[in-house]
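A, B, ... follow the sequence lines: proteins, then strands. Residue 1 opens every chain. Values in this document were obtained by computation on a predicted structure and should not be read as measured data.
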Amino acid sequence: MIAVTSVDGTLDGKLDERFGRAQKIMVYDPATKDSRVIDNKLNMSASQGAGIQTAKNIIDAGAKIVISGHVGPNAFNVLKAAGIEMYTASNMSVREALKAFEDGKLINLTGADVGGHW
Amino acid sequence: MKIAFASGKGGTGKTTIAVNFAYHIANSGQQVQYIDCDVEEPNGHLFLKPTALEKKPVKVMVPVVDLDKCTFCGRCGAECRFNAIVNLKDKVMIFQEMCHSCALCVKICPEGAMREDEREIGYTEQGTAMSGISFVQGVLNVSEPMAGPVIMAVKKYYKEGFIKIIDAPPGTSCPVVKTMSDSDFVVFVTEPTPFGLHDLKIAVSIALNMGKPVGVVINRDGEYLPLKEYLDENGIPLLMTLPEKKEIAQSYSRGEIILNSFPQYAENFEKLANNIMKLSGKKIKGSKK
């Protein structure tokens, strides 16, 4: 399962480059090519810890891979502790991001690429 | 009598006005305590030059998990309102800097696997500054996100019978609300710019919501009609102005008390004292009539 942060919850809509404050999360199954949407609205308006809880949502959804724009230190540590791989993408739709990932074109994050509250 | 100096926008001259006001009323015979609640960047000490500071750590309580007792049921993380705990299938991740020390996780853990431990987030310093001003400030450690507990620790030093001049943090969030919460009057220091006015409006609306009497000081005064219109339309009293002067800026940049270098501005601060007395109905003893 691959989780992609999304602006509007559609495959052709933009990937949300903000991780914790993403409105929706698309969970895509490469085996069946099915996708479903997780609402992340609660975290979008959380006063704090949005990245941490978004990471938890993704873990609970069973994803093993995350594609987003930028991941802060707390979210990174949670995802890493759960053994989830993180990839960064910019200025593309969710569908394009999934394609770029399958083509091996996305960069694997080995650490948080932004500070908290960037 | 507690007078908070706030602003909304940063850099308007909150501290400048607060330290000079403290100095002015201290020299009029009043016992004054200066309380710096701008714990992320306390600057009042640069001007008031307190000595023999007595330093004390500020600690908060945070949870620690005993993994031998934990069954990874996930209740602590599910119930934490501050997103400070994440439960994984074989881990409990605690983000201490997110914790608000409510201890809910300790109370609800069915296995008794959570206990509280102390964590230092900053310190307070107390001493005596120029003109006999009693001085206290809080300092939040760098990278710590929560100013609230340090502000509350600073307020424990309130002295009976002293006029308390409280320097608030900039902005309009929790630390500002905490700082203003027990004040008898809030002085908003602003500048005649669109930015100053924008943030002033938000900050004033918070103080009015809290039922505080308020007034405004315009620092670096100059022609900016929207600010005067805002004050008129909303019936917000203008307490004092300080002109835009190179000599004031130079004196400030040397860490001087303006009134020390340029006593002619004492009139402005005398007006501020009189206006606060009139509007709060409280006496600032020693202020000349």
(request) Could you walk me through whether Asn74(A) and Glu97(B) pass side chain to side chain contact (heavy atoms under 4.5 Å, CB included), step by step? (result) CA-CA 11 Å; Asn74(A) 285 345; Glu97(B) 73 282 1; 3.4 Å; yes
More than 12 heavy atoms of other residues, nucleotides or ligands under 6.0 Å from [atom1] of [X]: yes or no?
X         : atom1 : value
Tyr252(B) : OH    : no
Phe72(B)  : CZ    : yes
Glu41(B)  : CD    : no
Lys212(B) : NZ    : yes
Leu46(B)  : CG    : yes

(request) Below 4.5 Å from any heavy atom of chain B, which atoms of Ile52(A) appear? Answer side chain, backbone, both or neither. (result)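 Both backbone and side chain of Ile52(A) come within 4.5 Å of chain B.
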(request) Check each atom of Asn77(A) against the heavy atoms of chain B and say whether the ones under 4.5 Å are side chain, backbone, both or neither. (result)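 Both parts, heavy atoms under 4.5 Å.
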(request) Heavy atoms only: give me the nearest Ala81(A)-Leu88(B) pair and the separation to one decimal. (result)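 Minimum heavy-atom contact is CB-CD1, 3.6 Å.
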(request) For Lys56(A) and Val86(B), work out which heavy atoms get closest and say how close. (result)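 Closest heavy-atom pair between Lys56(A) and Val86(B): CD-CG1, 3.6 Å.
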(request) Anything in residues 26-37 of chain A with a heavy-atom distance to chain B below 4.5 Å? Please list those residues in order. (result)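 Not one residue of residues 26-37 of chain A has a heavy atom under 4.5 Å from chain B.
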(message) Donor-acceptor pair, distance only, cut-off 3.5 Å: does the side chain of Asn83(B) make one with the backbone of Gln48(A)?
(response)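 Yes, the answer is positive, given that a donor and an acceptor are paired below the 3.5 Å cut-off.
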(message) Need one label for Phe82(B): side chain, backbone, both or neither, based on atoms under 4.5 Å from any heavy atom in chain A.
(response)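 When you check distances to chain A, atoms from both the backbone and side chain of Phe82(B) fall under 4.5 Å.
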